[in-house]
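Values below: every heavy atom of this structure, side chains too, minus hydrogens, waters and symmetry copies. Values in this document were obtained by computation on a predicted structure and should not be read as measured data. Start at 1 with the first residue, then count along the sequence. Note that ligands are numbered from 1 as they come in the structure, with each ligand's atoms numbered from 1 the same way.
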Amino acid sequence: MITKPKGCYDVIEKDALKLKKINRYIDYYCEFYNYDFIRTPIFESRDLFHRTVGESSDIVTKETYDFKDRSDRELTLRPEGTAGVVRSFIENKMYGSNMPRKLYYNGTMYRYERPGQGRNREFTQFGVEILGSNDVATDVEVISFGYRLFEELGFKDLNVKINNLGSKEDRENYKVALKEYLAPHINELCEDCKKRFETNPLRILDCKVDKDSAILKNVPSILDYQSEESTSRFKKVLEYLNYLDIDYEVDSNLVRGLDYYDYTVFEIVSSEEILGGASTIAAGGRYNDLVEKLGGPSTPCIGFACGLERVMLAMDGLEETEKRPLDCYILYVNEEEKIKAITLAQDLRLSGVSVDYDTTGRSLKSQFKEADRNHAELLILLNSEDLKMGLITVKDNITKEETKVDENEIIDYIVSR
Ligand code: ATP
Ligand code: MG
């Protein structure tokens with residue numbers, strides 16, 4: 001038997017219902033907030049991710065699926081969504097008059113990670129990006145959008161962890177101070193952090209191994225190394241969050257794993273126990289230099305990405321997601337009735353009624369059972385006697401009441417029911 005690759009999974013049964021519900025909410029709420037849908041390729045040139053996510057990031061050093069196609073092109077399965085969106089924004093010249101562009105994506109991402117609860121090799125991210133505005137209102141809009149969407153999905157104890165990485169200069173100043181502080185403790189850090197000390201010391205703050213050590217808990221705060229402009233910007237973000245009643249907690253050690261962030265970074269965290277170590281359901285931040293770095297015009301941006309598998313996991317503890325009941329089930333016995341069943345099903349479906357009928361030669365008795373299994377509200381009982389007189393019997397599957405309806409009026413009758 002051939003089995004699925006490690007770290008991948010099939011979305012079936014309960015999970016399929018949950019995923020459908022989440023996707024419906026995403027499409028619905030993105031429209032309310034005026035985000036346009038964008039789909040970009042699942043693989044892109046290898047360079048795109050190396051240049052955006054960062055050579056020294058965990059994703060690029062350990063997690064990408066890199067491969068060559070039959071013409072020796074160097075390609076990578078996308079590990080995240082922002083790089084592709086920004087590439088597309090530039091390539092399709094979306095910059096220009098209609099700024100800001102508000103986009104959302106929803107698709108599979110690939111990272112060669114150690115699989116576990118809420119951590120897969122193929123996983124799904126939904127994300128939003130606002131390209132072309134540096135207004136703090138956009139920082140607050142993406143944060144509150146994520147927060148309110150998860151609330152609508154049933155999450156109760158949500159918290160936003162937020163930090164300000166400041167400008168590039170702010171970060172350079174902080175890096176000096178951070179390295180000075182860490183230097184005497186370097187041997188107490190994990191092997192990865194020893195390397196990060198030289199390549200990207202800020203990433204040490206994001207280390208999953210050392211994060212609870214006293215050394216990291218007592219690092220100097222990045223918020224003490226920022227320009228006045230940067231500090232007042234962050235104050236304003238927090239002020240706006242207060243206006244919108246969003247629960248947040250400033251965490252000066254929050255840095256995020258991708259290299260392109262500056263100014264506001266945040267995570268939306270759920271306290272649902274089932275999530276364990278994977279309690280961050282969405283994460284994002286501002287990336288004001290990325291568009292320019294990839295060859296586009298200077299365009300300040302902000303966005304977040306949300307792991308749908310984690311939302312699905314958490315939904316186990318939230319309300320039940322039930323399969324939607326079928327409006328109608330059509331029952332028949334002979335060939336003449338079967339033809340009527342097929343045509344009636346088509347007409348009803350085109351009129352917006354959900355319908356099904358048997359295609360396995362079941363007895364009438366098990367067709368009734370099948371209708372119940374699908375929670376059908378109305379049963380259409382076809383029989384040749386009725387059809388001869390131009391009638392169709394409809395049975396209310398809840399009250400068990402039967403009505404004979406004129407064949408020519410059946411669609412209107414069912415729709416009105
Ligand atoms: P983590 O710290 O959990 O490894 P990350 O910093 O790598 O997360 P991002 O790259 O910011 O995560 O991705 C945004 C969101 O995507 C995460 O908050 C999480 O919900 C989800 N996510 C990331 N990696 C995975 C994965 N391997 N499987 C499932 N969901 C994931
Ligand atoms: Mg990760």
Side-chain angles (χ1 to χ4, degrees), residues 5-9 11 15 18-19 22 26 49 52-54 56-65 76-86 104-129 142-143 146-147 149-150 153 155 158-163 165 192 196 200 202-212 216 251 253-261 264-272 274-287 290 302-315:
K6 185 172 175 187
C8 298
Y9 66 103
V11 182
D15 280 343
K18 283 190 252 171
L19 187 60
I22 299 166
I26 289 171
F49 301 111
T52 57
V53 175
S56 62
S57 66
D58 276 3
I59 294 182
V60 165
T61 51
K62 301 191 278 212
E63 298 174 1
T64 52
Y65 280 88
T76 295
L77 293 183
R78 61 183 182 194
E80 57 98 46
T82 303
V85 169
V86 169
Y104 80 101
Y105 60 84
N106 186 356
T108 48
M109 307 292 159
Y110 301 83
R111 295 185 194 176
Y112 192 78
E113 298 199 65
R114 185 201 295 266
Q117 184 89 317
R119 194 170 295 285
N120 312 91
R121 290 187 173 170
E122 181 184 68
F123 62 102
T124 316
Q125 274 185 349
F126 140 70
V128 300
E129 316 285 358
V142 294
I143 295 170
Y147 191 92
L149 174 69
F150 300 133
L153 280 163
F155 284 88
L158 290 168
N159 189 242
V160 176
K161 283 194 193 167
I162 189 166
N163 193 21
L165 299 182
D192 280 339
R196 289 176 187 137
N200 194 347
L202 225 61
R203 291 275 298 111
I204 294 177
L205 301 184
D206 196 36
C207 178
K208 303 248 157 49
V209 183
D210 292 327
K211 80 174 174 355
D212 293 323
L216 290 199
D251 175 356
N253 276 16
L254 182 73
V255 291
R256 313 287 317 115
L258 302 91
D259 278 359
Y260 49 64
Y261 289 119
T264 306
V265 288
F266 63 94
E267 291 186 351
I268 302 177
V269 183
S270 158
S271 57
E272 295 295 329
I274 191 162
L275 290 169
S279 59
T280 300
I281 47 181
R286 187 158 272 291
Y287 50 99
L290 188 60
I302 184 156
F304 76 71
C306 156
L308 296 192
E309 286 71 16
R310 293 188 190 178
V311 179
M312 277 157 71
L313 255 182
M315 279 170 89

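Protein residues are said to neighbour a ligand when one of their heavy atoms lies under 4.0 Å from it; for ligand 1 these are R111, E113, G118, R119, N120, F123, Q125, K208, R256, L258, T280, I281, A283, A305, G307, R310.
Using a 4.0 Å cut-off between charged side-chain N and carboxylate O, E267 and R256 make a salt bridge.
Side chains of T124 and E309: a donor-acceptor N/O pair is present below 3.5 angstrom, by distance only. A side-chain N or O of Y110 and one of E122 form a donor-acceptor pair less than 3.5 Å apart.
Using modelled atom types, no side-chain atom of R310 and backbone atom of I281 make a donor-acceptor pair closer than 3.5 Å. Judged by distance alone, the side chain of R286 and the main-chain N or O of T264 form no donor-acceptor pair under 3.5 Å.
In this structure Y261 satisfies the side chain to side chain donor-acceptor pair (under 3.5 Å) test with no other residue, sequence neighbours excluded.
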